[in-house]
Each structure stands twice: as C-alpha cells, then as structure tokens.
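Note that the structure is predicted; figures quoted are calculated from it, not measured.
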Amino acid sequence: MTNPTIDHFDHPLFHHKDLILITPAMEKLKNDLLQLLWNDGTGGLANGMSRVGKTRALEIMTPQLTTRAGLPIPHYYVMISQRDQKTIASIHRNICINYGLRETNRDRADYLANRFVHFIAERADECGCEEALLIVDEFQRLNLFQLDAFEELQDKCLTLDINLVVLFVGIDPECWPLVEQIEKPRNAHIRGRFFTEGIEFKGLTSQADVEACLSEYDRLHFPNEGVSYAEFFTEKGWKLKSLSRDLWRVYREDFKTTYKINSWPMKYFVTTVKILLTDFLYQHGVNACCDEMLRGAIDASKLIPSLTKQ
C-alpha cells in the first residue's frame, strides 16, 4: 500500500518520537493528574514497572492538562541522574541545566532554586495560570535528604501565589526502599506533602486494552490524508484490531501465564506491532497471519529476556 512518492521509512512506526498512541492507561493517567491538580493537591507518586511507558505517557498527556477554566497548565520535567554525591544543589543545578538557566559550579543551592522559581513565575505570568506541574522522573535515584529540594521549590512558589504540584515517577519495585523511609513517622511532613496520592501505571492487562491500542493503528493515517497506519503495510480496508483476540490469546497462553507477567509493557507491545506490521504482514500478507507469526513477533520484541531469567 506504500505510496511511491513517500519514503517507506518516513513512516512514524520507524520513528519512536513520532508514534503517538493514546492508550487506556494514558487516559487514566491524565484523569488522575487532573484530579490531583484540580483538588488542591501538592504532590504524588506515579509508579510502574520498567518499560511500561510511564515517561512516554507523560510526554504525550501533560500538554493536554488544563485548569477547570480551560487554561493550559505549565509543566516542567527533570530526570534524576545517578551521582556519586547526592546533594540538594545537584537537583537544582540539574533543573537549571534542563531549562538553559545560567548556572556555575560555585552557585549555592538557594541561588539555583531562585533562578528556576523565577523562570516558573515568568511563565505563569505569561499564560495567566497559577498552577504548575513539576515531573521528577527516576524517583528511586533520590535519597531522602534530597526531597527537601522540592519542598524548597514549592515553598518559594507559594510566596509568589503559584501552586507547584510535584509528581514523582518511580520504577517498581526499585522505588519502594525510599518509600519505606518516607513512611516512617519522623518523615510525616514529607509524606503528607508529596506522597498522599499514588498513581499506579500499568501496561496492557486485558484483551480490551489490546483492542484499544490496535485500534489506534487503524485510526491514525500517514500521511495525514493517506491510508491508516495498518493499511500502509497491508491492504486497504484491513483493520489491525481484528487481530486483538488472537494476539491477546497468544500472549496470555505463551507468555503471560508461563512467565507470570503482570502487564504487557508498552515498550514491548509497540515493538511487537512494529515487527508484525512492517516485517511479517508486509512481506507475507494478512491472510498468512497465524499463531506462529504472532508468537514470533512477541518473541522478537525481546519481552521475555527483559523480564525473566531463562
């Protein structure tokens, strides 16, 4: 079905950043975040297993967050890096670097924090929104002491009438040792401020989830006025969602049950579909689709080596 005037490898399936699928888990994440933002929340923890799609979901959904009045909510993102010396200043410096704010190795933590807060205030004034969201990814790399950095940012924003909500994003189960420290009575102030709200992010857990995701490949078109993603590699009029029942069955019987997988991470599901469409179905046609082909696509996605020791 490829248009000869279009480069086959320009298709979004070959470019991760261009592939924007809206999944049930992402819609739930968006609704959970709106509840947090609309109901005077101050912070929360979103957790899920590795490669489940947390960061990608946040990239796609946070630009869609609005106030009750419909104003876009400014959002900020920082990924915590592994450091030999885990300090508050390293957190503030990392954020400043992320947003191109002036910083030097001699700058004190409070100077760096002030620069970022002023940056937030300027954007709040530009868009007329007193809410802001800071996403802190790789939460499990922090230590307890470094959480004070986010208290400082939140307090400084409050003095400027800006409510900065901090969402920590952690990998399950690596994040739980830090959570256990936070839950100790002596850390009640941290827990009460940032960790009263929990958002569990999962991959695909049912045939309905698989069908909803496959339907995205039938809904999206490339180019915009062209055929669907699925038709581009198969034939006009064919729907990828027609495989949802068989794909879920093969996954459940040969992978989920055997390897005790709680949910199908989006990273490996998307790779499975890419292999299925761009290799197997493209070469052999939809009529050749069978359990062996579906099994081969899942296996080639490297789902099992990523989750288990064989």
Side-chain angles (χ1 to χ4, degrees), residues 32-47 54-55 58 62 65 67 73-99 101-103 107-125 129-171 174-199:
D32 288 341
L33 288 176
L34 286 175
Q35 288 298 314
L36 180 64
L37 291 160
W38 287 2
N39 295 320
D40 303 319
T42 54
L45 172 65
N47 66 280
K54 302 180 294 298
T55 301
L58 287 164
T62 47
L65 299 174
T67 65
I73 297 175
H75 55 276
Y76 307 91
Y77 174 89
V78 61
M79 178 180 288
I80 302 301
S81 301
Q82 289 284 17
R83 291 286 184 267
D84 293 335
Q85 305 236 339
K86 297 187 176 184
T87 65
I88 289 175
S90 71
I91 298 295
H92 293 317
R93 181 168 288 107
N94 192 5
I95 294 174
C96 286
I97 291 172
N98 227 28
Y99 287 94
L101 304 177
R102 186 177 62 83
E103 57 79 33
D107 285 336
R108 288 178 5 199
D110 54 341
Y111 291 171
L112 295 167
N114 284 337
R115 284 186 195 128
F116 182 51
V117 169
H118 290 155
F119 178 68
I120 292 175
E122 287 172 2
R123 288 192 62 188
D125 187 57
C129 181
E130 296 177 348
E131 299 285 333
L133 174 66
L134 173 60
I135 297 167
V136 183
D137 208 349
E138 302 294 352
F139 159 76
Q140 71 281 351
R141 294 176 180 171
L142 292 165
N143 62 32
L144 188 65
F145 174 66
Q146 288 177 301
L147 295 177
D148 288 345
F150 304 101
E151 274 195 296
E152 180 181 5
L153 291 175
Q154 199 170 71
D155 288 343
K156 287 177 182 292
C157 282
L158 281 175
T159 65
L160 300 174
D161 296 322
I162 298 169
N163 180 36
L164 178 66
V165 177
V166 183
L167 178 73
F168 296 96
V169 183
I171 295 177
E174 289 93 325
C175 68
W176 295 119
L178 180 54
V179 172
E180 288 173 3
Q181 292 183 57
I182 293 166
E183 289 178 340
K184 292 179 179 179
R186 66 175 178 270
N187 298 315
H189 65 293
I190 290 285
R191 184 175 65 254
R193 183 181 291 224
F194 294 127
F195 298 98
T196 57
E197 302 290 338
I199 300 173

(message) Going by the rule side chain to side chain donor-acceptor pair (under 3.5 Å), which residues pair with Arg123 if we only count those two or more places apart in sequence or in a different chain?
(response) none
(message) Looking at Gln146 and Thr87, would you say the former's side chain and the latter's main chain have a donor-acceptor pair under 3.5 Å?
(response) yes
(request) Show your working on side chain to side chain contact (heavy atoms under 4.5 Å, CB included) between Ile199 and Leu33 and close with a plain yes or no. (result) CA-CA 9 Å; Ile199 300 173; Leu33 288 176; 4.1 Å; yes
(message) List the residues meeting ring-ring contact (aromatic ring centres under 6.0 Å, His included) with Tyr77, not counting sequence neighbours, and say none if there are none.
(response) none
(request) Mind checking ring-ring contact (aromatic ring centres under 6.0 Å, His included) for Phe150 and listing every partner two or more places apart, or none if nothing turns up? (result) Phe168
(message) Checking the side chain of Lys86 only, and the main-chain atoms of Arg141 only, is there a donor and an acceptor separated by less than 3.5 Å?
(response) yes
(message) Rounded at 0.5 Å granularity, tell me how far CD1 in Ile135 sits from NZ in Lys54.
(response) 13.0 Å
(request) State which residues pass side chain to side chain donor-acceptor pair (under 3.5 Å) with Asp107; sequence neighbours excluded, sorted by chain then number. (result) Thr104, Arg115
(request) Output yes when a side-chain donor or acceptor of Glu103 lies under 3.5 Å from a complementary backbone atom of Arg93, and no otherwise. (result) no
(request) Enter the distance from Asn39:CG to Glu197:CD here, rounded to the nearest 0.5 Å. (result) 8.5 Å
(request) With sequence neighbours excluded, tell me which residues meet side-chain contact (heavy atoms from CB on, under 4.5 Å) with Ala132. (result) Tyr76, Ile120, Ile162, Leu164
(request) Check Leu112 against His92 and note the closest heavy-atom contact, atom names and distance. (result) CB-CB, 3.6 Å
(request) Report the residues that fulfil salt bridge (Lys or Arg N to Asp or Glu O under 4.0 Å) with Asp110, sequence neighbours left out, ordered by chain and then residue number. (result) Arg108
(message) For a 4.5 angstrom cut-off between non-hydrogen side-chain atoms, does Leu65 reach His75?
(response) no
(message) The criterion is side-chain contact (heavy atoms from CB on, under 4.5 Å); which residues satisfy it with Asp40, sequence neighbours excluded?
(response) none
(request) State, yes or no, whether a side-chain contact exists between Thr67 and Leu37 at a heavy-atom distance under 4.5 Å. (result) no
(message) Would you compute the distance between atom CD1 of Ile80 and atom CD1 of Ile95 and round it to the nearest 0.5 angstrom?
(response) 7.0 Å
(message) Asn98: which residues meet the side chain to side chain donor-acceptor pair (under 3.5 Å) condition with it, sequence neighbours left out?
(response) none
(request) Mind listing the closest non-hydrogen atom pair of Leu167 and Ala46 along with its distance? (result) CD1-N, 4.1 Å
(message) Quick check: closest heavy atoms across Ala113 and Lys156, and the distance to 0.1 Å?
(response) CB-CE, 4.1 Å
(request) Output the distance between atom CG (Asp125) and atom CD (Glu130), rounded to the nearest 0.5 Å. (result) 10.5 Å
(request) Any chance you could measure Glu174, atom CD, to Asn47, atom CG, to the nearest 0.5 Å? (result) 11.0 Å
(message) Go through it in stages, so that I can follow the logic: the residues are Phe195 and Phe139, the test is ring pair (Phe, Tyr, Trp, His ring centres under 6.0 Å), and I'd like the CA-CA distance, side-chain angles, deciding distance and then a yes or no.
(response) CA-CA 12 Å; Phe195 298 98; Phe139 159 76; 5.6 Å; yes
(message) Nearest 0.5 angstrom please: Glu138 CD to Ile171 CD1, how far?
(response) 4.5 Å
(request) Kindly write out the residues that satisfy salt bridge (Lys or Arg N to Asp or Glu O under 4.0 Å) with Glu131, not counting sequence neighbours, or none if the list is empty. (result) none
(request) For residues Gly170 and Cys175, report the shortest heavy-atom separation together with the two atoms involved. (result) CA-CB, 4.3 Å
(message) How close do Leu133 and Ile73 get, counting heavy atoms only, and between which atoms?
(response) N-CG2, 4.3 Å
(message) Suppose we screen for side chain to side chain donor-acceptor pair (under 3.5 Å). Which residues come up paired with Asp155, at least two apart in sequence or across chains?
(response) Arg193
(message) For Asp137, give me all partners under salt bridge (Lys or Arg N to Asp or Glu O under 4.0 Å), at least two apart in sequence or on another chain.
(response) none
(message) Give me the atom names and distance for the closest heavy-atom approach of Gly41 to Val165.
(response) O-CG2, 3.3 Å
Got a list of side-chain donor-acceptor pairs under 3.5 Å for residues 176-188, not counting sequence neighbours?
{"from": "Trp176", "atom 1": "NE1", "to": "Asp172", "atom 2": "OD1", "distance (Å)": "2.5"}
{"from": "Asn187", "atom 1": "ND2", "to": "Gln181", "atom 2": "O", "distance (Å)": "2.7"}

